[in-house]
Peer 1: 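Before anything else, here's the structure in question.
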Amino acid sequence: MDRFINQLDHELLDKILIAQVRKLTVLGLIDLSFIAADSTPIMANTSQNNPKSFRKNKFAKENQPKSDPDCALGVHTATNQINERNHEFYWGYKSHILLDCITGLPIAKITTPANVADNSVIEELLAKADAYLTLEDCTFIADKGYDVKSIYELIRNKYHGECVIPLNKRNTQNSKKLSSGHPICDAGLAMHKDGKFSDSGRIRQKYCCPFKRSKSGSCPCDHPKWNNGKKCRGCTKYVTLSDDYCLSINRECVTFKKIYAMRTEIERYNSRFKSTGQERLWVHSKKAAHNLNTIAHIALLAVAYASVVTQSGYSYRCLKSVKRVA
């Protein structure tokens, strides 16, 4: 069976999945107004993923599993609590999904090694879906792991859509500011503007110490950057200007929160996907893993199609309901 899965023509499986998505779109079940993206970890078939294994350094990068040379070392969050940083390492892959948030059905998928960042495959994932569907004027929903400027620009400029993504603060600190927007230094003084510059495609305003070029002034808090022996002394702070589309989104409004709540649909789908047995692989290569994942998506789409065609009234998300009809 392992050899059969590995030798399957993946292009054929892709054609089946695309045909299913197109058919469900024609039947009016799939709606592309709100789409979401996420990934789910898939553990490789190796003893190094066994929690009972006492092997030393089993999650060291140089200890590549011999049973699956294609897999990679990844990490996933083991809890959804904001104030808890509980992570788990694993050897394996990731299943990246683009989902219709209205029906909870997949419209595109990609399987990658576990060390590939989620946000790095979005352009390819959207392009795959747009090749046989139209994503024009869509609303893209994702978690803060997708808070990347290139994704905002891609959705707005290419697909003319909107993004509903929370900000990833990336270890930033909340600095005190005046009503004019000028930050306040550690000594409690208003800082002065010191020019603008471009950083990774974003326009940032630089603020400097009010005594920066003073010959006789002194820092009230004796900041370590003041007495550094340089001509341009004092602390500096940077503020990203709000003309950036990412920062222009009002994430505190009711509309944003209600739309972002639709992202839970992709969590439900990932749970159904794992129930097909894809959370832990029994094959030993990337191609086999990709084929197995695609077969699982095809099966879940087939459940929805059977529910619509038979007009049974059962949920198109539930495999057990379809089995009762059969």
Peer 1: Taking NZ in K58 as the centre, count heavy atoms belonging to other residues, nucleotides or ligands within less than 6.0 Å. Is the count above 12?
Peer 2: yes

Peer 1: Using only atom types and a distance under 3.5 Å, with no angle test, would you say the side chain of Y159 pairs donor to acceptor with the backbone of E162?
Peer 2: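 Answer holds: no.
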
Peer 1: If we ignore hydrogens and angles and just use 3.5 Å, is the side chain of N168 paired with the main-chain N or O of G145 as donor and acceptor?
Peer 2: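 Pair absent, no side-chain N/O of N168 close to backbone of G145.
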
Peer 1: Report yes if the side chains of K286 and P113 come closer than 4.5 Å at any heavy-atom pair, otherwise no.
Peer 2: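 Yes, their side chains come closer than 4.5 Å.
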
Peer 1: So I141 and C101, side chain to side chain contact (heavy atoms under 4.5 Å, CB included) or not? Walk me through it.
Peer 2: CA-CA 9 Å; I141 309 170; C101 291; 4.0 Å; yes

Peer 1: Can we say K128 and E124 salt-bridge, meaning some charged N sits less than 4.0 Å from an Asp/Glu carboxylate O?
Peer 2: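 Between E124 and K128 there is no salt bridge, as every charged N stays at least 4.0 Å from the carboxylate O atoms.
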
Peer 1: How about H297 and F273: are their ring centres within less than 6.0 Å of each other?
Peer 2: yes

Peer 1: Do T103 and D31 come within less than 4.5 Å of each other through their side chains, counting heavy atoms only?
Peer 2: no

Peer 1: Any side-chain heavy-atom pair from L133 and T25 closer than 4.5 angstrom?
Peer 2: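 Counting from C-beta outward, L133 and T25 do come under 4.5 Å.
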
Peer 1: Taking the side chain as every heavy atom from C-beta outward, state whether Y90 and P41 have any atom pair closer than 4.5 Å.
Peer 2: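 Of all side-chain heavy-atom pairs linking P41 with Y90, at least one is under 4.5 Å.
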
Peer 1: Taking the ring of Y238 and the ring of F197, is the distance between their centroids below 6.0 Å?
Peer 2: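 When the ring centroids of F197 and Y238 are compared, they turn out to be within the sub-6.0 Å range.
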
Peer 1: Under 4.0 Å between a Lys/Arg side-chain N and an Asp/Glu carboxylate O for E11 and K15?
Peer 2: no

Peer 1: Please give me the minimum heavy-atom distance between I35 and L32, naming the atom from each residue.
Peer 2: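 Closest heavy-atom pair between I35 and L32: CG2-O, 4.0 Å.
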
Peer 1: Could you check whether any side-chain N or O of S67 sits under 3.5 Å from a backbone N or O of N45, counting only pairs where one atom can act as donor and the other as acceptor?
Peer 2: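 Checking the backbone N and O of N45 against the side chain of S67, a donor-acceptor pair under 3.5 Å is found.
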
Peer 1: Are the aromatic ring centres of H87 and H76 under 6.0 angstrom apart?
Peer 2: no

Peer 1: Hey, are the side chains of L98 and F140 touching, using non-hydrogen atoms and a 4.5 Å cut-off?
Peer 2: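 Side chain of L98 against side chain of F140, heavy atoms only: contact under 4.5 Å found.
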
Peer 1: Are I16 and V309 linked, directly or through other ILVMFWY residues, by side chains that come within less than 4.5 angstrom of each other?
Peer 2: yes

Peer 1: Kindly check if the number of other-residue, nucleotide or ligand heavy atoms within 6.0 Å of CD (E136) is above 12?
Peer 2: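 Counting neighbours around CD of E136, more than 12 heavy atoms of other residues, nucleotides or ligands fall under 6.0 Å, so yes.
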
Peer 1: Out of the candidates N293, D118, D38, only one should pair with K94 under the side chain to side chain donor-acceptor pair (under 3.5 Å) rule; please name it.
Peer 2: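 Exactly one option meets the side chain to side chain donor-acceptor pair (under 3.5 Å) with K94, and it is D118.
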
Peer 1: Does the side chain of I97 reach to within under 4.5 Å of the side chain of I107, using non-hydrogen atoms?
Peer 2: no

